[in-house]
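Scroll down for the structure; my scribbles are underneath it.
Along the sequence shown, the residues carry numbers beginning at 1.
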Amino acid sequence: MTDVIEGLWPYPRPDSPPLLTPEQAEHTLNVWLVSRFSMLTLFCLLEPLRVANRFGRDLFAWRLLSADGEAVVASNGVRIDVDGAIDSLGDTARLMVVSSYDAEATVRFQDRAVLRRIAAHGGWLGGLDTAPFILARAGVLSGYRVALHWESVAAFRREFPDLEVSPAHYELDDTRLTGSGGAAGIDMMLTWIEQLYGPALVDAIGLQLVHQRPRGGEELPLRHGELPRSVMRALAIMEANLGKALSVPELCRLVGQSQRQLARLFQRHFGETPQQCYLGMRLDRARQLLADSQSLVTEAALATGFTQPAHFTRAYRRRFGEAPSVTAERGQG
């Protein structure tokens, strides 16, 4: 439904309106909170809806749900009470899944069945941060572009090579919405509200949130700050070759910098050598593969340039304090 409001929206009511019920609001968003979800993602998801209701209209209601109807603990340790269980949803419900660490650890077969039921009846499904893994494993993302947290992109592509991963912070379709979560959720929700009610309301919400949206669809890139060009180039080459384990001399040749000078720059900016930084990046990628996909330890090691399993296990344990097999077991639920 599109309901474009002409002209400026009035100044918001000084009092925050009461929480609306689904019967009172024009739109209801059901939010499934998965254990260890991101609190920041939840706030950025709901605050634009709350502010929208301050402009004289009862537009949005939301319900917090869990798999079993019990309270959920976020990644910051805060316990959140919920309004019910996801199996209480109707066939055409609008459901957003919010997760973060260990996205699949507590998800059951019957939970994925709820997603498939809603999808089969043309319902609206969304997933933020690592939640696209949950949706993809339920088989409800085929044919859609998928956006998710940048840390999980490599593992997602490995597990779901047939799905198209988007570089954008969010992808909004008629019946699917996926995104990276975090602060980007504000822009995502403002885009959804704009589709429903036009730009005037969205501009007013942005003013209330003291938030300026990027213009012209521009992205908000991750930056390393004011680093020397040779360091930026070295980091880019490392990132592009996490599966090859380039030698330091080869890295320096590609960067166009002497080993001594590059080592000095890395020590100044990161407190470690290029070799240590590169090893850490490869191990971080291996951990993502083990935690977010169904990869075996040997597969994760080979995918990040480790040809000797014993060396991989020792380096992994030094960095993360546990064996890679432990991470793999946790990732596979």
Is it true that atom [atom1] of [X] has more than 12 heavy atoms of other residues, nucleotides or ligands lying nearer than 6.0 Å?
X	atom1	result
Gln110	CD	yes
Gln267	CD	yes
Phe160	CZ	yes

All pairs passing salt bridge (charged side-chain N to carboxylate O under 4.0 Å, His left out) where residues 303-315 contributes a residue, at least two apart: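 For residues 303-315, and leaving out neighbouring residues, there are no salt bridge (charged side-chain N to carboxylate O under 4.0 Å, His left out) pairs at all.
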So [Y] and [X], do their side chains get closer than 4.5 Å, heavy atoms only?
X	Y	answer
Val107	Arg137	no
Phe266	Leu235	yes
Trp62	Arg50	yes
Leu29	Phe60	no
Cys44	Met188	no
Leu45	Met189	yes
Met96	Trp124	yes
Leu89	Trp32	no

[X] [atom1] to [Y] [atom2] distance, which is reported to the nearest 0.5 Å:
X	Y	atom1	atom2	value
His149	His169	NE2	NE2	10.5 Å
Asn241	Leu246	CG	CG	4.0 Å
Gln276	Met281	CD	CE	14.0 Å
Asp173	Arg145	CG	CZ	11.0 Å
Leu49	Leu190	CG	CG	9.5 Å
Ile86	Arg112	CD1	CZ	10.5 Å

Arg116 NZ/CZ over Phe109 ring centroid, <6.0 Å and within 45° of normal: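 Ring-cation test returns yes.
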Would Arg282 pass as a cation-pi partner of Tyr278, given that its NZ or CZ must be under 6.0 Å from the six-membered ring centre and within 45 degrees of the axis?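 Positive - Arg282 is close enough to the ring of Tyr278 and near enough to its axis.
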Shortest non-hydrogen contact from [X] to [Y]?
X	Y	answer
Ala155	Leu289	CA-CD2, 3.6 Å
Ser230	Leu262	O-CD1, 4.3 Å
Ala183	Leu40	N-CD2, 4.0 Å
Leu115	Leu125	O-CD1, 3.6 Å
Val82	Gly69	CG2-O, 3.4 Å
Ala147	Ala168	CB-O, 3.6 Å

With the 4.5 Å side-chain cut-off for hydrophobic clustering, are [X] and [Y] part of the same group?
X	Y	answer
Leu163	Val153	yes
Leu196	Leu209	yes
Leu265	Phe270	yes
Val72	Leu46	yes
Phe312	Leu302	no

Please check if the side chain of [X] supplies one atom and the backbone of [Y] the other of a donor-acceptor pair under 3.5 Å.
X	Y	value
Asn30	Arg94	yes
Gln261	Ser258	no
Ser88	Ala85	yes
Asp83	Leu65	no
Ser180	Asp129	no
Arg158	Ala300	no
His121	Gly123	no

Decide whether [X] and [Y] meet the rule of one side-chain donor and one side-chain acceptor closer than 3.5 Å.
X	Y	answer
Thr178	Tyr144	no
Ser38	Ser75	no
Glu23	Thr21	yes

Parallel, tilted or perpendicular: which describes the rings of His311 and Phe306, with under 30° parallel and over 60° perpendicular?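 Geometry flag for Phe306 against His311: tilted rings.
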For Tyr197 and His27, take the angle between the two ring planes, folded into 0 to 90°, and tell me which bin it lands in: parallel under 30, tilted 30 to 60, perpendicular over 60.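 Aromatic pair Tyr197/His27 classed perpendicular.
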Among Val255, Val248, Leu254, exactly one meets side-chain contact (heavy atoms from CB on, under 4.5 Å) together with Cys252. Which residue is that?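 Of Val255, Val248, Leu254, side-chain contact (heavy atoms from CB on, under 4.5 Å) with Cys252 is met by Val248 alone.
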Quick one: do Asp91 and Arg117 satisfy side-chain contact (heavy atoms from CB on, under 4.5 Å)? Show the steps, please. CA-CA 6 Å; Asp91 292 340; Arg117 171 169 59 84; 2.7 Å; yes
Leu148 and Phe133: side-chain contact (heavy atoms from CB on, under 4.5 Å), yes or no, with the steps? CA-CA 9 Å; Leu148 69 163; Phe133 279 97; 3.8 Å; yes
Flag the pair Arg108 and Asp111 as a salt bridge only when some basic side-chain nitrogen lies within less than 4.0 angstrom of an acidic carboxylate oxygen.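 Here Arg108 pairs with Asp111 in a salt bridge, since their nearest N and O are under 4.0 Å apart.
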Starting from the C-alpha separation in whole Å, work towards a yes-or-no answer on side-chain contact (heavy atoms from CB on, under 4.5 Å) for Asp187 and His211. CA-CA 9 Å; Asp187 291 316; His211 176 77; 2.7 Å; yes
CA sep, side-chain torsions, deciding dist, call: Asp284, Glu151, side-chain contact (heavy atoms from CB on, under 4.5 Å): CA-CA 9 Å; Asp284 289 345; Glu151 282 188 333; over 6 Å; no
